[in-house]
Amino acid sequence: MTKATISLRRPDPYNPPKEHVELQAEAPISRVKLTDGRELWLLTRHEHVRAMLSDTRFSSDRRDPRHPSHSPYMSGHRQQLIEMDPPDHTQLRRSIVGEFTVTRLAAWRPRIQEIVDEAIDAMLAGPSEVDLVEALSLPVPSMVISEMLGVPYADHDFFQENSADFIRADTTPEERGAAYGRLKEYVAGLVQRKIESPGEDLLSRQLAAGMAPEEAVSVGFLLLIAGHETTANMISLSVATLLDKREHLQALRDDPQLTVGAVEELLRYFTIAEIGAARLATEDVEIGGVLVRAGEGVFGLTNTANRDATVFPEPDDIDFTRMARNHLAFGFGPHQCLGQNLARLELEIVLATVVRRIPTLRLAVPFDEIPFKENGPNYGVYELKVAW
C-alpha cells in the first residue's frame with residue numbers, strides 16, 4: 001500500500017499518465033489521494049479492475065456522498081442507468097439491451113454507411129482543409145443516435161453544446177445544473193411527443209412495451225449524451241493516429257479486413273473513459289489480497305488495465321492483429337457499456353470509409369500540436385485539422 005496524489009492528465013497523448021503506469025508496476029492496489037483531496041483505493045491491473053467491476057458489492061449509486069464520482073450528485077437529478085445498482089439496474093437494462101445486439105444493429109449498417117458517405121461527400125465538396133471533429137467525428141454518431149431515438153437532427157447543435165457543458169470536468173455546478181435542466185426538459189418533451197404520436201424509433205418502442213415515461217426520459221437522456229460524445233472522441237483519436245503513424249494506415253490500405261481488429265486495438269490503446277470505473281464498496285471485500293472496507297471508494301484504472309503486459313504482450317505497441325477483445329475500454333460486468341456494439345460498428349465503417357475514399361488525407365498540423373482533452377471524463381481531441 002502506498003500514498004500518492006494522482007491526476008488523470010495525460011502528458012503523453014499516446015500513453016496513460018506515467019504515475020499510473022508506475023503504480024501498476026510498484027503498488028497495483030494503492031491508497032491514493034485525488035487532486036480534490038478525496039482518498040480512495042486505486043486498482044491498476046487488468047485482473048483486479050475486472051474483478052471489481054463484476055462484483056455487485058461495489059456500488060454505482062452516486063447518491064451516496066462517499067461515492068468517488070467526479071462531481072457531486074445534483075439535487076433533483078434522476079438516477080441514470082449507469083448510476084443504478086441491481087435489481088433496478090438489471091430490470092431497466094434488460095428492457096433496452098435488445099436494441100443494441102449485434103444482430104439488431106446489423107440492420108443499421110447500410111444507413112450508417114450512408115451517413116458516413118454523406119459527411120465525407122460534404123467534406124470533399126468544401127475547402128481541402130477542415131476540422132475533422134466538426135466535419136465527421138461529431139456529426140456521424142450524432143446523426144445515428146438521433147435517428148435511433150427519433151430526435152430531429154436539426155437539434156444536434158443543442159445537444160452537443162449542452163452535453164459538453166454537462167460532462168466537462170471544469171464546468172461549474174451552476175453551469176452543469178443548467179445544462180442538465182435544458183437537456184432534461186428537451187428529452188421530456190420528446191418523450192411526451194412519442195406518447196402522443198408514436199413512431200418507429202427506440203423510445204416509441206420502449207414506451208409501447210410498457211416503459212414508464214420517466215424511465216424513457218432517463219434512458220433517452222443517457223443515450224443521447226453517451227451515444228455521440230465517446231464515439232466522436234474515438235473517431236478523432238483513431239484518424240489522428242493513422243495519419244501520424246502511417247505504417248498502420250498503410251496496413252489498412254493493404255488489407256481492409258484488418259479494420260475490425262484495428263477498431264478493437266485502438267479502443268484498447270486509448271481507453272478513453274477516464275473515470276467510468278468508480279465504485280463504492282457496500283461490504284468489506286478482499287480484492288487482490290487487500291481488504292477494501294465498506295464505505296470506501298474504489299477507482300479502477302481501465303487505461304492501465306488495458307496496458308497490463310500480463311494480458312496484452314508489448315502493451316504500448318499498436319497491433320491490429322492482436323485480437324484484443326478482452327480489453328476493458330467498455331468496462332465490464334453489469335455496467336458494461338450498453339452501446340458498445342454500436343460504437344464498434346460506427347468506428348469500423350468510418351475508418352474503412354476514410355481509408356478508402358480519402359487516400360491523400362493528412363494532418364494539417366503536427367501531431368503534438370493537436371489540442372487533446374485533458375480535463376474531462378472522456379479523453380479525446382477538441383479539434384483535428386486535416387487536409388487532402
Side-chain angles (χ1 to χ4, degrees), residues 1-4 6 8 20 23-24 27-97 167 169 180 212 214-215 218-219 221-222 226 271 273-306 308 328-338 340 377:
M1 188 173 73
T2 188
K3 280 275 190 181
I6 194 163
L8 295 176
H20 295 192
L23 281 174
Q24 186 185 54
I29 301 179
S30 309
R31 190 74 175 153
V32 301
K33 183 180 292 184
L34 296 178
T35 52
D36 63 6
R38 288 179 295 171
E39 292 190 9
L40 71 166
W41 290 102
L42 190 74
L43 312 180
T44 55
R45 287 187 178 168
H46 188 278
E47 65 171 308
H48 299 153
V49 176
R50 182 173 162 133
M52 185 270 285
L53 292 176
S54 60
D55 191 328
T56 55
R57 293 173 294 177
F58 292 101
S59 171
S60 295
D61 189 344
R62 300 177 190 174
R63 291 174 300 180
D64 191 315
R66 298 171 298 176
H67 194 282
S69 55
H70 68 293
S71 57
Y73 196 82
M74 294 188 303
S75 177
H77 172 68
R78 180 181 173 82
Q79 264 191 303
Q80 302 297 316
L81 183 65
I82 58 174
E83 302 163 346
M84 293 178 174
D85 290 332
D88 293 341
H89 171 266
T90 309
Q91 182 178 359
L92 184 55
R93 183 181 171 102
R94 187 177 294 147
S95 69
I96 55 176
V97 71
I167 64 176
Y180 170 73
E214 59 271 23
E215 288 181 336
S218 175
V219 168
F221 179 89
L222 175 64
T271 314
E274 303 281 32
I275 60 168
R279 300 287 189 272
L280 181 72
T282 58
E283 302 177 22
D284 290 356
V285 185
E286 184 176 308
I287 188 164
V290 173
L291 180 63
V292 178
R293 297 192 181 279
E296 291 183 332
V298 186
F299 201 173
L301 274 181
T302 49
N303 58 9
T304 56
N306 281 341
D308 190 332
L328 303 178
F330 292 114
F332 191 74
H335 284 280
Q336 191 167 23
C337 177
L338 188 66
Q340 59 181 294

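One-based numbering along the sequence shown.
- Of all non-hydrogen atoms in Trp41 and Leu291, the two that sit nearest each other are CZ2-O, 3.8 Å.
- To the nearest 0.5 Å, atoms OG1 (Thr271) and CG (Asn306) are separated by 3.5 Å.
- There is no side-chain donor-acceptor pair under 3.5 Å between Thr304 and His20.
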Under the side-chain contact (heavy atoms from CB on, under 4.5 Å) rule, what do Val298 and Leu280 come out as? Steps first, then yes or no, please.
-> CA-CA 6 Å; Val298 186; Leu280 181 72; over 6 Å; no
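- Atom CZ of Arg94 and atom NE2 of His89 lie 11.0 Å apart (nearest 0.5 Å).
- Looking at His335, its side chain never comes within 3.5 Å of a backbone N or O of Glu83 through a donor-acceptor pair.
- Minimum interatomic distance between Ala281 and Val292 (heavy atoms only, all atoms of both residues): CB-CG1, 3.9 Å.
- Between Arg279 and Ser59, the side chains place no donor N or O within less than 3.5 Å of an acceptor N or O (distance only, hydrogens not considered).
- The minimum heavy-atom distance between Met52 and Phe299, with the atom names listed, is CE-C, 4.4 Å.
- The CZ atom of Phe58 sits 9.5 Å away from the CD atom of Glu296 when rounded to the nearest 0.5 Å.
- Nearest heavy atom pair, residue Arg38 against residue His67, reads NH1-O, 3.8 Å.
- Separation of atoms CG (Leu328) and CG (Asn303) is listed at 10.5 Å; rounding is to 0.5 Å.
- With Ser60 contributing its side chain and Met84 its backbone, the two residues share no donor-acceptor pair below 3.5 Å.
- In this structure, Val32 and Leu23 have side chains that are in contact, with non-hydrogen atoms separated by less than 4.5 Å.
- Residues that satisfy the side-chain contact (heavy atoms from CB on, under 4.5 Å) test with Ala294, not counting sequence neighbours, are Asp284.
- Listed here is the closest heavy atom pair of Pro334 and Ser54: CD-CA, 4.2 Å.
- Enclosure of atom CD in Gln91 is not indicated, since only 12 or fewer non-hydrogen atoms of other residues, nucleotides or ligands lie within 6.0 angstrom.
- Rounding to the nearest 0.5 angstrom, the gap separating the NE2 atom in His48 from the CD1 atom in Ile29 is 4.0 Å.
- For the pair Leu43 and Val49, the tightest heavy-atom approach, listed with the atom from each and the gap, is O-CG2, 3.7 Å.
- Residue Leu222 holds its CG atom at 7.5 Å from CD1 of Ile96, rounded to the nearest 0.5 Å.
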